[in-house]
Colleague: 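The following block contains the structure, expressed as structure tokens.
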Amino acid sequence: MKIAEIEQHLESIKNQALIDLGVPAEQAQEIALADAPNPEMGDRGFPTFALARVLRKGPPMIAQEITQKLSESLASDELIAEVIAAGPYVNFKLNPAKLAQIIIEQAQQETDQIGKGFIKDPTHWMIEYSAPNTNKPQHLGHVRNDLLGESVAQVLDFAGNKVTRVNLINDRGIHICKSMLMYQMFGDGQTPESTGKKGDHFVGYYYVMFGQKFDEEYNVWKQGDEAQTLLSQWLESEAGQKAAKEITDTGKLHNTFFKTYKDTYFNTQSTLGHLTRSMLVAWEDNDADVRALWETMNQWVFDGFDETYKRLGVAFDKVYYESDTYILGKGIVEQGLKDGIFHTIDGGAIACDLEKIGLSGDKILQRSNGTSVYMTQDLGTALKRFEEHDIDSMAYVVGDEQRHHFQVLFGILALLKPELEGKMHHISYGMVELPKGLGRMKTREGTTVDADDLMSAMFEEALTEVKERYPDLDEDEQHARAEAIGMASLKFFILYFNRTTTVHFDPKEAIDFKGKTGPYIMYAYARIQSIARELGGWPELPESADLIKICSALGTKQELDLLNRLRAWPHSLEVVTRDLDPSKIAGFAYDLASDFSTMYNHKGHKIKDMDGDRRTAQLLLCRATGNLLETALKILGIEVLEQM
RNA sequence: GCGCUCGUAGCUCAGUUGGAUAGAGCAACCGCCUUCUAAGCGGUCGGUCGCAGGUUCGAAUCCUGCCGGGCGUGCCA
């Protein structure tokens with residue numbers, strides 16, 4: 001028997017008992033099993049309220065009757081020790097020895113992949129995440145995306161699916177030209193090598209520079225006649241009058257105008273804007289010099305990203321570049337227009353009426369000048385992926401501010417290809433908010449937390465701790481441990497939040513290794529390994545019948561709690577796979593580590609002082625716990641340390 | 001304006017899709033190292049689950065309305 005079958009066993013007993021009472025099978029299944037609040041009441045049970053009306057009896061009486069019948073029929077069931085009527089609830093008390101035997105055997109066989117491949121009908125998923133721009137280094141927001149994407153991929157893979165991980169790099173467009181232009185003007189032949197900078201940071205420096213130079217230019221222009229004329233016109237306009245009512249301060253009011261006008265200025269009057277756009281045109285015309293510069297600078301960024309991804313433990317099976325995909329989708333839009341799915345609007349743009357997909361408004365898919373919008377290439381790219389890869393589902397890990405975009409994308413795709421209905425998924429997540437004072441985490445621009453800085457800060461903090469504890473340890477080993485601990489801390493901190501939760505990133509909290517953290521869980525694992533080291537290794541796994549006998553030596557509250565936690569793993573896995581939310585793995589791993597630590601510290605649980613069956617059973621139980629901790633942490637991308 | 005989303009302990013978050021006495025971590029305070037690793041364990045303090053109604057045997061969870069925060073609502077990417 002496997003751990004997952006325990007729940008199935010209870011489930012079928014419950015269903016049959018209810019059906020025997022005359023409850024329709026469907027209703028029987030709807031009554032869910034849940035953990036009993038305390039061990040005296042049993043381990044797992046179900047309420048009988050819903051049956052009261054049908055059976056015309058009070059819930060406690062129904063529970064009594066069911067309990068009585070089950071007690072008789074399950075008398076020889078080796079897994080169920082007792083059926084208990086607790087008021088209106090029917091609870092099963094499991095036989096700890098049998099439970100331990102099932103768990104220990106599976107844990108020993110499957111080591112660090114306990115419960116892998118449980119899904120009934122595996123499919124092929126393509127999952128896209130990260131999707132960075134090549135004009136600046138990655139920051140905390142990307143870190144959440146990267147870690148979440150990687151972990152969701154692990155979850156899908158662990159369930160038994162085939163998973164193809166893809167990245168889509170945004171390597172073209174006006175924003176990329178901004179850093180290129182600055183480098184062309186002020187780069188002076190410098191390179192990442194010559195400056196000793198990481199490639200993405202090197203390029204990011206020029207992107208930031210563009211912002212500064214453009215602001216300078218804009219500020220000068222603001223003082224000129226043209227700007228002042230436009231300002232007066234705006235102040236007299238409807239919008240200006242409206243704003244004036246809300247904003248009394250003249251300086252602020254003027255600023256409001258100049259803020260909204262900034263884009264227009266960039267697109268019409270600005271010298272830098274003009275140069276940037278010319279560069280984009282040159283790029284699109286395949287101008288040799290511009291293309292060469294583009295390739296050089298992109299390569300610098302890719303090299304930088306590779307380092308970041310490697311350290312984060314993120315890897316992709318396929319990388320798409322927007323410079324290749326941005327043309328996609330045009331033909332589809334034209335075909336859709338012919339088929340009457342889309343329509344033209346004033347000025348000649350092609351649009352989709354969103355009422356067709358239950359939303360409102362028109363979504364432009366081709367501008368009146370014939371060019372594409374972002375949605376167009378997303379449509380094209382998605383269809384191409386389904387054509388070129390034998391995939392069943394496509395998932396995008398993107399922030400929840402783009403929910404609407406994906407609703408539209410999926411809706412239009414289903415209009416074009418009805419067979420794609422239900423196969424598209426937006427794995428959305430909340431933003432990462434930063435506190436005002438960032439302390440040591442603050443970065444060059446001051447507004448974001450840089451991914452590389454963050455990882456280094458975590459590493460340094462961990463190194464201090466490691467050196468304090470193990471001053472004599474070989475330096476390489478110190479560094480290896482600090483890296484593992486620092487990254488575990490970061491990953492756990494990011495992943496233990498629900499996907500949809502807005503993370504309030506507090507560096508002090510993130511960098512802490514105590515309490516509900518990654519290192520806490522690793523520590524529990526390391527302690528388990530140290531038990532084996534100190535007590536002469538793990539015992540041989542006995543035959544099942546013997547194992548049950550040996551495990552009957554277990555029975556303290558702490559041991560039972562731990563066993564019940566281990567038992568719940570398959571259920572947690574199912575929930576995680578259904579919701580595609582690794583935070584529940586993080587929660588489980590923490591609870592498991594916590595149950596173990598409680599037992600470990602509770603008096604009467606020192607294995608060194610035990611002998612006979614109790615000692616063997618405890619050792620095997622601890623080993624199983626260690627295996628499951630490793631299994632869970634792996635899904636989160638966290639590696640364990642044998643010693644820490 | 002409309003749409004989505006969130007509001008749980010001083011702070012940061014869980015809460016098994018409607019069940020049993022609402023839980024953790026941090027912070028504060030009190031204890032536990034002659035050691036199977038104190039990155040740990042135990043304890044104390046801390047709650048009108050935003051507010052008001054409704055549905056239900058039963059609501060932090062579902063519905064309605066208010067209050068408050070975030071996001072979205074481009075011929076931007």
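Everything quoted here is computed from the prediction, not taken from an experiment. Every chain is numbered from 1 and lettered A, B, ... according to where its sequence line falls, protein lines coming before strand lines.
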Colleague: Sticking with atom C1', work out how far B:U44 lies from B:A9, rounded to a whole angstrom.
Modeller: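 Result for the C1' pair: 14 Å, nearest Å.
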Colleague: Expressed in angstrom and rounded to an integer, what is the separation of A:H602 atom NE2 from B:C32 atom C1'?
Modeller: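 Computing the A:H602:NE2 to B:C32:C1' distance gives 14 Å.
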Colleague: When the C1' atoms of B:A28 and B:C66 are considered, how many whole Å apart are they?
Modeller: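 Those two atoms are separated by 37 Å.
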Colleague: Across all strands shown, which nucleotide pairs with B:U64 by Watson-Crick or G-U wobble geometry, both distances under 3.5 Å?
Modeller: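 Partner of B:U64: B:A52.
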Colleague: Could you state the interatomic distance from CG (A:L535) to NZ (A:K606), rounded to the nearest 0.5 Å?
Modeller: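 Between atom CG of A:L535 and atom NZ of A:K606 there are 11.0 Å.
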Colleague: Could you measure between the two P atoms, the one in B:A14 and the one in B:A52, and give it in whole Å?
Modeller: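 Those two atoms are separated by 25 Å.
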Colleague: Using 4.0 Å as the upper bound for N to carboxylate O, is an ion pair formed by A:E334 and A:K330?
Modeller: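 No, this pair does not count.
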Colleague: Is there aromatic stacking of A:F49 on B:G19 here, judged by a ring-centre distance under 5.5 Å and a plane angle under 30°?
Modeller: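 Aromatic stack with B:G19 present for A:F49.
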Colleague: Would A:Y89 count as stacking on B:A20 if stacking means ring centres less than 5.5 angstrom apart and planes tilted under 30 degrees?
Modeller: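 It does: the two rings, one from A:Y89 and one from B:A20, meet the stacking criterion.
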Colleague: Nearest to the side chain of A:A36, which nucleotide is it out of B:A20, B:G25, B:G72?
Modeller: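 Given the options B:A20, B:G25, B:G72, the side chain of A:A36 is closest to B:A20.
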Colleague: Counting only heavy atoms not in A:E639, do more than 12 fall under 6.0 Å of its CD?
Modeller: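 At most 12 heavy atoms, drawn from other residues, nucleotides or ligands, come within 6.0 Å of this atom.
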Colleague: Tell me if the side-chain of A:D512 makes a donor-acceptor pair with the base of B:A27, cut-off 3.5 Å, by modelled atom types.
Modeller: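 No.
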Colleague: Between A:L621, A:I528, A:D561, which is the residue that forms a side-chain contact (heavy atoms from CB on, under 4.5 Å) with A:F596?
Modeller: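 Per the side-chain contact (heavy atoms from CB on, under 4.5 Å) rule, the option paired with A:F596 is A:I528, out of A:L621, A:I528, A:D561.
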Colleague: Return no unless some side-chain N or O of A:R53 is found under 4.0 Å from OP1 or OP2 of B:C57.
Modeller: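 Affirmative; the distance criterion is met.
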Colleague: For nucleotides B:A60 and B:A22, find the distance between their P atoms and express it as a whole number of Å.
Modeller: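 Pairwise P distance, B:A60 against B:A22, rounds to 9 Å.
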Colleague: With the criterion being N/O to N/O and under 3.5 Å, what pairs connect the protein with nucleotides 5-12 of chain B, and how long is each?
Modeller:
residue : atom : partner : partner atom : Å
B:U12   : O2'  : A:E509  : OE2          : 3.4

Colleague: Which part of the nucleic acid, if any, lies within reach of A:K606 when heavy atoms closer than 4.0 Å are counted: base, sugar-phosphate only, or nothing?
Modeller: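 Here A:K606 touches the bases of the nucleic acid.
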Colleague: So which nucleotide from B:C41, B:A39, B:G15 ends up closest to the side chain of A:N498?
Modeller: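 In terms of side-chain proximity for A:N498, the closest of B:C41, B:A39, B:G15 is B:G15.
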Colleague: Which is true for A:R578 with a 4.0 Å heavy-atom rule: it touches a base, it touches only sugar-phosphate, or it touches nothing?
Modeller: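 Since a base atom lies under 4.0 Å of A:R578, the category is base.
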Colleague: Find the distance A:K516:NZ to B:G15:C1' and express it as a whole number of Å.
Modeller: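 Taking NZ of A:K516 and C1' of B:G15, I get 10 Å after rounding.
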Colleague: Would A:Y600 pass as stacked on B:C36, i.e. its ring centre under 5.5 Å from the base's six-membered ring centre and planes under 30° apart?
Modeller: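 Stacking is present between B:C36 and A:Y600, given that their ring centres fall under 5.5 Å apart and the planes under 30°.
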Colleague: Find the distance A:Y429:OH to B:G72:P and express it as a whole number of Å.
Modeller: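 Atom-to-atom, A:Y429 to B:G72, this comes out as 13 Å.
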Colleague: Using the six-membered ring of A:F497, assess whether NZ or CZ of A:K491 lies under 6.0 Å from its centre and within 45 degrees of the ring axis.
Modeller: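 The answer is no, since A:K491 fails at least one limit relative to A:F497.
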Colleague: Find out whether the Lys NZ or Arg CZ of A:R144 is both under 6.0 angstrom from the six-membered ring centre of A:Y429 and within 45° of the ring's axis.
Modeller: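 No, cation not above the ring by the 6.0 Å, 45° rule.
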Colleague: Surrounding NZ of A:K356 (heavy atoms of other residues, nucleotides or ligands, distance under 6.0 Å), is the total greater than 12?
Modeller: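 Enclosed.
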Colleague: Would you classify A:N135 as touching base, sugar-phosphate or nothing, given that sugar-phosphate means primed atoms plus P, OP1 and OP2, and contacts are heavy atoms under 4.0 Å?
Modeller: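 No contact.
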Colleague: Can you tell me the base-pairing partner of B:A59? Count Watson-Crick or G-U wobble geometry only, both distances below 3.5 Å, and say none if there is no partner.
Modeller: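 Partner of B:A59: none.
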Colleague: Using the P atom as the point on both nucleotides, what is the distance between B:G65 and B:G19, in whole Å?
Modeller: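 Between the two P atoms, the distance is 25 Å.
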Colleague: State whether A:Y321 and A:R172 meet the cation-pi test: NZ (Lys) or CZ (Arg) under 6.0 Å from the six-membered ring centroid, and within 45° of the perpendicular axis.
Modeller: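 Judged by the rule (NZ or CZ under 6.0 Å from the ring centre, within 45° of its axis), A:R172 is not positioned above A:Y321.
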Colleague: Touch check for A:D591, heavy atoms < 4.0 angstrom, all strands: base, sugar-phosphate only, or nothing?
Modeller: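 Nothing: the residue A:D591, judged by heavy atoms under 4.0 Å, touches no strand.
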Colleague: Looking for any heavy atom pair under 4.0 Å, which part of the strands does A:R469 touch: base, sugar-phosphate only, or nothing?
Modeller: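 Here A:R469 touches the bases of the nucleic acid.
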Colleague: Below 4.0 angstrom, N of the basic side chain to O of the carboxylate: do A:E574 and A:R578 qualify?
Modeller: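 No salt bridge links A:E574 with A:R578.
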Colleague: If you look at every strand shown and take non-hydrogen atoms under 4.0 Å, does A:M644 touch a base, only sugar-phosphate, or nothing?
Modeller: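 Touches a base.
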Colleague: If you look at every strand shown and take non-hydrogen atoms under 4.0 Å, does A:A351 touch a base, only sugar-phosphate, or nothing?
Modeller: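 Touches nothing.
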Colleague: Hydrogens and angles aside, do A:Y129 and A:N167 bring a side-chain donor and acceptor to less than 3.5 Å of each other?
Modeller: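 Their side chains do not contain a donor-acceptor pair, so the 3.5 Å distance test is not met.
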Colleague: Does the cation-pi check pass for A:K516 over A:Y590, that is, NZ or CZ under 6.0 Å from the six-membered ring centre and within 45° of its axis?
Modeller: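 Yes - A:K516 lies over the ring of A:Y590, closer than 6.0 Å to its centre and within 45° of its axis.
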Colleague: Students often get this wrong, so: under 4.0 angstrom with heavy atoms, is A:T598 touching a base, only sugar-phosphate, or nothing?
Modeller: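 Sugar-phosphate: the residue A:T598, judged by heavy atoms under 4.0 Å, touches backbone atoms but no base.
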Colleague: So what does A:T501 hit on the nucleic acid, given a heavy-atom distance under 4.0 Å: a base, only sugar-phosphate, or nothing?
Modeller: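 Counting heavy atoms under 4.0 Å across all strands, the contact made by A:T501 is with sugar-phosphate only.
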Colleague: With both distances under 3.5 angstrom, what nucleotide forms a Watson-Crick or G-U wobble pair with B:U44?
Modeller: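 Base partner found: B:A28.
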Colleague: Considering only nitrogen or oxygen atoms on both sides, find all protein atoms under 3.5 Å from nucleotides 74-77 of chain B and state each distance.
Modeller:
residue : atom : partner : partner atom : Å
B:C75   : O3'  : A:R367  : NE           : 3.3
B:C75   : O2   : A:S368  : N            : 3.2
B:C75   : O2   : A:S368  : OG           : 3.1
B:C75   : N3   : A:S368  : OG           : 3.1
B:C75   : N4   : A:D346  : O            : 3.0
B:C76   : OP2  : A:R367  : NE           : 2.9
B:C76   : OP2  : A:R367  : NH2          : 3.3
B:C76   : O3'  : A:R367  : NH2          : 3.4
B:A77   : OP1  : A:R367  : NH2          : 2.6
B:A77   : OP2  : A:R367  : NH2          : 3.0
B:A77   : O2'  : A:N170  : ND2          : 3.4

